[in-house]
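All values reported here derive from a predicted model rather than from experimental measurement. Atom set for the values below is all heavy atoms of this structure, side chains included, hydrogens, waters and symmetry mates excluded.
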Amino acid sequence: MRGLAMLLAGWLLCAGAQAQVPDSGRWQELRFGADEVVDRMEDRYIEQVVDLAAAGKLDADRTLLHRLRYVSATLIAAAIELKPEAADWPWEVHLAGAADIDAVCLAGGKLLVGAGFVRRLALTDSELAVLLAHEVAHAIAEHSREFLSEAQLAYRPLVPVDVVMLRLDSDLSLQLRLAGLSRMQEREADQLGMVIAHRAGWPASAMLSFYRKLADADADDGPGEPLIASHPSHASRISMSRGMARLLEP
């Protein structure tokens with residue numbers, strides 16, 4: 001009986017829970033609990049924010065921080081309309097002075113945006129909304145929870161979420177195995193982010209101008225492809241943004 005109970009418990013852990021991505025309705029298999037993932041991501045966020053603050057690189061540009069928080073507030077309100085439980089998340093928005101940070105929104109609504117990245121692309125408020133909406137989309141689609149759940153299946157016996165997170169940081173073979181999921185999530189965040197930005201009242205024209213600026217910035221960096229392509233091509237993102245702009249504002 002004990003062996004049967006352990007087998008059943010293992011099956012339930014593998015089966016996880018099903019959820020749907022807002023707007024698209026795509027079904028997901030989520031093997032880790034939402035609170036569990038949010039707690040781990042919050043730990044990482046706090047560690048990063050504390051390190052930035054200690055180095056004098058947190059929220060240094062008050063004017064840009066004000067813009068960031070104003071724009072993100074409109075997007076968070078629109079995101080909550082799509083995912084009502086996000087109203088209870090501990091949303092937080094900070095500006096980083098570190099050169100290696102562009103933008104991220106961790107599970108639970110933890111936004112961190114690189115000041116240098118925003119300045120380099122010379123983003124207007126509308127284009128900044130497209131950038132932030134993409135990151136907010138990752139959070140409300142629970143992409144981190146889905147990604148970690150899929151990564152867990154690579155290990156037998158199954159391991160806890162903190163172990164999966166540590167292994168993902170260094171396991172190149174696992175990163176390669178999940179590259180297809182990563183690209184799909186990025187495409188989904190592009191599309192869902194455009195919906196969020198539109199619902200928040202930002203013009204659809206900014207979608208195309210933002211992705212064109214992003215492509216131009218990468219072109220200025222010169223040739224070279226990453227070992228693991230985790231994002232769609234610039235051409236496909238520009239094409240999607242053009243189509244979404246026409247769909248949302250015909």
Could you see if Leu166 belongs to whatever hydrophobic cluster contains Val161? Use Ile, Leu, Val, Met, Phe, Trp, Tyr and a side-chain cutoff under 4.5 Å. no
What salt bridge (charged side-chain N to carboxylate O under 4.0 Å, His left out) pairs are there with at least one residue in residues 86-101, not counting sequence neighbours? Glu92-Lys110
Does the pair Arg177/Glu150 count as a salt bridge with the N-to-O cut at 4.0 Å? no
Interatomic distance, CZ@Arg62 vs CG@Leu68, rounded to 0.5 Å, equals 11.0 Å
Any side-chain donor near an acceptor of the partner, Gln28 and Gln20, under 3.5 Å: no
Closest heavy-atom contact between Val113 and Leu132? CG2-CD2, 3.5 Å
Point-to-point distance, once rounded to the nearest 0.5 Å, from OG of Ser241 to CE of Met194: 5.0 Å
Are Gln185 and Glu146 close enough that some pair of their side-chain heavy atoms sits under 4.5 Å apart? yes
With rounding to the nearest 0.5 angstrom, report the CD1 to CD1 distance, Ile76 to Ile140. 11.0 Å
Grab the two heavy atoms, one from Ala137 and one from Gly193, that are nearest each other, plus how far apart they are. CB-N, 3.7 Å
Pairs satisfying ring-ring contact (aromatic ring centres under 6.0 Å, His included), at least one member in residues 125-179, at least two apart: His134-His138, His138-His143
Looking only at non-hydrogen atoms, find the nearest pair between Pro22 and Ala141 and report the distance. CD-CA, 4.2 Å
For the NZ atom on Lys57, are there more than 12 heavy atoms of other groups (residues, nucleotides or ligands in this structure) within a distance under 6.0 Å? no
Nearest non-hydrogen partners of Asp218 and His234, listed with the distance: OD2-NE2, 2.7 Å
Would you say that Phe210 contacts Leu128 through its side chain, given a criterion of any heavy-atom pair below 4.5 Å between the two side chains? no
Test item: Gln18 and Leu30 side chains (from C-beta on) under 4.5 Å apart, heavy atoms: no
By side chain to side chain donor-acceptor pair (under 3.5 Å), Ser173 pairs with (sequence neighbours left out) Asp171
Between Glu142 and Lys83, is there a salt bridge with N-O shorter than 4.0 Å? yes
Please enumerate all residues that pass side chain to side chain donor-acceptor pair (under 3.5 Å) together with Asp125, with sequence neighbours excluded. Arg67
Sequence-distant partners of Ser209, side chain to side chain donor-acceptor pair (under 3.5 Å), two or more places apart: Glu127
Applying ring-ring contact (aromatic ring centres under 6.0 Å, His included) as the test, list every pair that has at least one member in residues 71-101; sequence neighbours left out. Trp89-Trp91
Distance from Arg199 atom CZ to Ile196 atom CD1, nearest 0.5 Å? 9.0 Å
Ignoring hydrogens and angles, write down the donor-acceptor pairs under 3.5 Å from the side chains of residues 200-208, residues two or more places apart or on other chains.
{"residue": "Trp202", "atom": "NE1", "partner": "Thr74", "partner atom": "OG1", "Å": "2.9"}

Side-chain contact, heavy-atom cut-off 4.5 Å: Asp102 with Arg120? no
In this structure, NE2 of His66 is separated from CG of Asp61 (nearest 0.5 Å) by 12.0 Å
Ala87: partners by side-chain contact (heavy atoms from CB on, under 4.5 Å), with sequence neighbours left out: Ile80
Does some side-chain heavy atom of Leu112 sit less than 4.5 Å from a side-chain heavy atom of Leu106? no
Could you pull out all residues at least two apart from Ser24 that satisfy side-chain contact (heavy atoms from CB on, under 4.5 Å)? Val21, Arg26, Glu188
Do Arg167 and Gln152 come within less than 4.5 Å of each other through their side chains, counting heavy atoms only? no
Treating Ile, Leu, Val, Met, Phe, Trp and Tyr as nodes and any side-chain heavy-atom pair under 4.5 angstrom as an edge, say whether Phe32 and Val163 lie in one connected cluster. yes
Do Leu95 and Leu58 come close enough that some side-chain heavy atom pair is under 4.5 Å? no
What's the separation between atom CG in Leu174 and atom CG in Leu168, rounded to the nearest 0.5 Å? 5.0 Å
Identify the heavy atoms of Val93 and Arg69 that sit nearest to each other, and give their distance. O-NH2, 2.7 Å
Check: residues 37-56 side-chain donor-acceptor pairs under 3.5 Å, at least two apart:
{"residue": "Arg44", "atom": "NH2", "partner": "Asp169", "partner atom": "OD2", "Å": "2.8"}
{"residue": "Tyr45", "atom": "OH", "partner": "Leu111", "partner atom": "O", "Å": "2.6"}

Set of residues satisfying side-chain contact (heavy atoms from CB on, under 4.5 Å) with respect to Ser239, sequence neighbours excluded: none
Who pairs with Pro232 by side-chain contact (heavy atoms from CB on, under 4.5 Å), at least two apart in sequence or on another chain? Glu186, Arg187, Asp190, Ser236, Arg237
I'd like to know if the side chain of Ser182 reaches the main chain of Leu178, judged simply by a donor and an acceptor atom lying under 3.5 Å from each other, with no hydrogens or angles considered. no
Quick one: closest heavy-atom pair of Leu121 and Ala217, and the distance? CD1-CB, 3.9 Å
